[in-house]
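Below, chain A is the first sequence line, B the second, and so on; all start at residue 1.
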Amino acid sequence: QKEVEQDPGPLSVPEGAIVSLNCTYSNSAFQYFMWYRQYSRKGPELLMYTYSSGNKEDGRFTAQVDKSSKYISLFIRDSQPSDSATYLCAFWGGSQGNLIFGKGTKLSVKP
Amino acid sequence: DGGITQSPKYLFRKEGQNVTLSCEQNLNHDAMYWYRQDPGQGLRLIYYSQIVNDFQKGDIAEGYSVSREKKESFPLTVTSAQKNPTAFYLCASSMGTIHEQFFGPGTRLTVL
């Protein structure tokens, strides 16, 4: 079983749609859950991070963590063409080790 | 403006040559990291440094070397021992919190 699994897509949606991006993980030691956005040929930028189960909202973005199911999601409301990018989930154990990244989901929002 | 700079943006190398990628940050961050990204792959950690004059191997350090002589700088050398060096290389830094890493724009290395 892979430590992190993320559907690579590509995912194509019309402008204004609600987007759901997901990752599953197997390591129960993960305590921090991150979402990075990476535009083509650019470095990733940290969108959000959460520490516990539940939801965290920031504008049009909502990060959701379900530790019992080892499942995290990123929801994008009212998606815009500028949201077109690759979204990477990332995990950290909190006290040791390094960030573990998913392979990324490529999202395209069509006008 | 604070940030991380990487140079060059594109780099071409002949087989058998060593090449050094530059990474500089003015964020006053203590920790710096080097990642490699291949198409359809997640980021893989090459080396990291939490303080000056100290660094540790990541998951794929073979064929790479680093130095950390200054807090602001963390250059990566891709040696001829690296079997498949063509990739997108990303430098990152953080202020003691590993989960809040800030990335540079990347260097795309192509071996001819």
Side-chain angles (χ1 to χ4, degrees), chain A residues 2-11 21-27 29-52 56 58 63 65 72 74 85-107, chain B residues 2-11 21-25 27 29 31-50 55-61 74 76 87-110:
Chain A
K2 292 183 180 178
E3 196 166 31
V4 173
E5 300 214 40
Q6 183 176 14
D7 187 336
L11 180 62
L21 304 166
N22 312 295
C23 288
T24 58
Y25 64 97
S26 60
N27 190 340
F30 288 153
Q31 297 184 35
Y32 287 83
F33 309 89
M34 281 69 66
W35 285 97
Y36 283 83
R37 178 175 62 195
Q38 185 176 23
Y39 291 113
S40 181
R41 300 177 182 176
K42 303 289 186 184
E45 58 178 310
L46 180 64
L47 271 178
M48 301 177 70
Y49 75 86
T50 55
Y51 176 70
S52 58
K56 181 177 181 179
D58 184 2
V65 174
I72 69 170
L74 178 70
T86 295
Y87 290 81
L88 301 159
C89 57
F91 302 82
W92 181 48
S95 60
Q96 59 185 0
N98 297 296
L99 293 188
I100 305 298
F101 286 86
K103 293 184 178 182
T105 299
K106 187 172 183 179
L107 171 67
Chain B
I4 302 176
T5 57
Q6 290 186 243
S7 61
K9 188 173 182 178
Y10 298 97
L11 188 57
L21 282 60
S22 170
C23 177
E24 304 276 334
Q25 54 99 0
L27 300 167
H29 284 174
M32 297 186 74
Y33 313 81
W34 273 106
Y35 291 91
R36 169 181 173 141
Q37 187 175 35
D38 295 283
Q41 299 294 316
L43 278 65
R44 293 184 289 168
L45 183 64
I46 303 173
Y47 268 98
Y48 65 101
S49 168
Q50 294 178 313
F55 47 83
Q56 288 77 40
K57 293 181 178 180
D59 299 322
I60 56 165
F74 191 40
L76 173 74
F88 189 46
Y89 290 88
L90 289 158
C91 179
S93 69
S94 69
M95 177 61 98
T97 52
I98 294 177
H99 60 286
E100 290 187 273
Q101 292 187 19
F102 294 85
F103 284 82
T107 292
R108 188 166 300 277
L109 172 64
T110 302

Q: Taking side-chain hydrogen bond (donor to acceptor under 3.5 Å, both in side chains) as the definition, give me every residue that meets it alongside Asn27(A), ordered by chain and number, with sequence neighbours left out.
A: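 By the side-chain hydrogen bond (donor to acceptor under 3.5 Å, both in side chains) rule, Asn27(A) matches Glu3(A).
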Q: Go through the atoms of Gln38(A) and report whether side chain, backbone, both or neither lie under 4.5 Å from a heavy atom of chain B.
A: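 Only the side chain of Gln38(A) comes within 4.5 Å of chain B.
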Q: Heavy atoms only, distances under 4.5 angstrom: which of Ala92(B), Gly42(B), Gly58(B), Gly104(B) has the most pairs with chain A? Name it, please.
A: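 Top count of heavy-atom pairs under 4.5 Å with chain A: Gly42(B).
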Q: Give, for atom CZ of Phe101(A) and atom OH of Tyr35(B), the distance between the pair rounded to the nearest 0.5 Å.
A: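 Here the interatomic distance stands at 4.5 Å.
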Q: Give the minimum heavy-atom separation between Phe88(B) and Lys42(A), together with the two atoms involved.
A: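 That would be CE2-O, 3.7 Å.
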Q: Check each atom of Leu45(B) against the heavy atoms of chain A and say whether the ones under 4.5 Å are side chain, backbone, both or neither.
A: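 Interface part for Leu45(B): side chain.
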Q: Should Arg41(A) and Tyr10(B) count as side-chain neighbours, where that means a heavy-atom distance under 4.5 Å?
A: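 Counting from C-beta outward, Arg41(A) and Tyr10(B) do come under 4.5 Å.
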Q: So for Gln37(B), is it side chain, backbone, both, or neither that comes closer than 4.5 Å to the heavy atoms of chain A?
A: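 For Gln37(B), the contact with chain A is made by the side chain alone.
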Q: Can you measure from CH2 (Trp92(A)) to CD (Glu100(B)) and round to the nearest 0.5 angstrom?
A: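 Those atoms lie 10.0 Å apart.
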Q: Give the minimum heavy-atom separation between Leu90(B) and Pro44(A), together with the two atoms involved.
A: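 Distance-wise, the nearest heavy atoms are CD1-CD, 3.8 Å.
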Q: Drop me the distance from Gln56(B)'s CD to Asn98(A)'s CG, to the nearest 0.5 angstrom.
A: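 Output value for this atom pair is 9.0 Å.
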Q: Tell me, side chain or backbone of Phe33(A) under 4.5 Å from chain B's heavy atoms, or both, or neither?
A: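 Contact with chain B is absent: no heavy atom of Phe33(A) under 4.5 Å.
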Q: So how far is it from Leu99(A) CG to Tyr48(B) OH, rounded to the nearest 0.5 Å?
A: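 Atom-to-atom, Leu99(A):CG and Tyr48(B):OH are 11.5 Å apart.
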Q: Got a sec, which residues hit salt bridge (Lys or Arg N to Asp or Glu O under 4.0 Å) with Asp38(B), two or more places apart in sequence or on another chain?
A: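 Only Arg36(B), Arg44(B) meet the salt bridge (Lys or Arg N to Asp or Glu O under 4.0 Å) criterion with Asp38(B).
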